Amino acid sequence: MEVEAFKRLYPLPFYERYLDSSVRPDGRPLGRARPTSVSLGAVSTADGSALVKIGNTTMLAGVKLEVMVPSQETPDQGSITVDFQMPPICSPLVRPGRPVEAASVISEQLSNVLTSSELVNLSELCIAPGKAAWMAYLDVYCLDADGSLLDTALLASVAALAHLQLPAVSVSEEGRVYPVSSSTSGDVSMEGAETSIKVKGNSISPRRRLKLGAAPFALTCMVHKKHLLADPCAEEETLLQCSITITMNQMGRLVSFYKPGGAVPATTAIVKECISLARRRAREVQQILKEALEDHIESPSLMQTD
């Protein structure tokens, strides 16, 4: 009871006693991330989905596809739009009916990282150049906000896109797109509104998975005095209040660096240590995602390994 009382009355000194011993109150070393799991196909109604947990932080990502007419500037490219949401169930700090500032920030960060990392070649989303392409709506929902939200949301996004399958479709000369139920050479069975009809001469886009580029993975670190904590929980983020998020791709290259202010300066030594931890974490998370993909599909890996 005395320990709990001290923690409630003096939370920062309580934490600092552990940090001076290079450990956290739960026994986790400062440089180690929490247990991570990836489950693919979590939403049966989505074209691609994933449920990801890092510690208690839980994210659900889903991708829904819609046919669009590509722009004249990029007639052979589709598009991806990203939305991140924090419903009231994710945290006692989120109130119903009130916008969450962190949600819009993370949504923008996700979109920027996915674009700058070139994870998805938008030409992969083309159905028929100048006529039809896929618009991919990537929605990420935070189910439990217990720290490192961007890290978890990005991993969920990458996993959902890796799980995504583009449906088989047939495109008429006028640019109309129809779902294909089965096909043979020169003869395609297509699902109409009420009956299945036979159509010949239309171009076919087969069912397939996306070919992904080097996947980006993020690691958030908290800086406090001389201490650097990887993958902080919500309590640590509240107490220490100075974070650095490094995003590395699976090839070990820096994708983004984000430090939203804070009382501790980002010295060269701190940044180098953060990058080293992020590079190691990227390899670790890549292996977790690879194993999830191999368990989910017969084809071993959908991601680059060279």
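Predicted model, so just to flag it, every value in this text is computed and none were measured.
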From the list T245, T247, N112, side chain to side chain donor-acceptor pair (under 3.5 Å) with S256 holds only for T247

R24 atom CZ: more than 12 heavy-atom contacts under 6.0 Å: yes

When every non-hydrogen atom of P87 is compared with those of C142, the smallest separation belongs to CD-O, 3.3 Å

Grouping ILVMFWY residues whenever side-chain heavy atoms fall under 4.5 Å, the cluster of V105 otherwise contains Y258

For the CD atom on E118, are there more than 12 heavy atoms of other groups (residues, nucleotides or ligands in this structure) within a distance under 6.0 Å? no

Examine the side chains of S148 and T220 and answer whether a donor and an acceptor come within less than 3.5 Å of each other. no

Lys/Arg N to Asp/Glu carboxylate O, D146 vs R34, below 4.0 Å: yes

Identify the residue among T81, I80, L125 that makes a side chain to side chain contact (heavy atoms under 4.5 Å, CB included) with M135. T81

Suppose we screen for side chain to side chain contact (heavy atoms under 4.5 Å, CB included). Which residues come up paired with A133, at least two apart in sequence or across chains? M68, P70

What is the distance from atom CD1 of I246 to atom SG of C274, rounded to the nearest 0.5 Å? 5.5 Å

Closest approach of K64 and T45, non-hydrogen atoms and distance? NZ-O, 2.9 Å

Does F257 have more than 12 heavy atoms from other residues, nucleotides or ligands lying within 6.0 Å of its CZ? yes

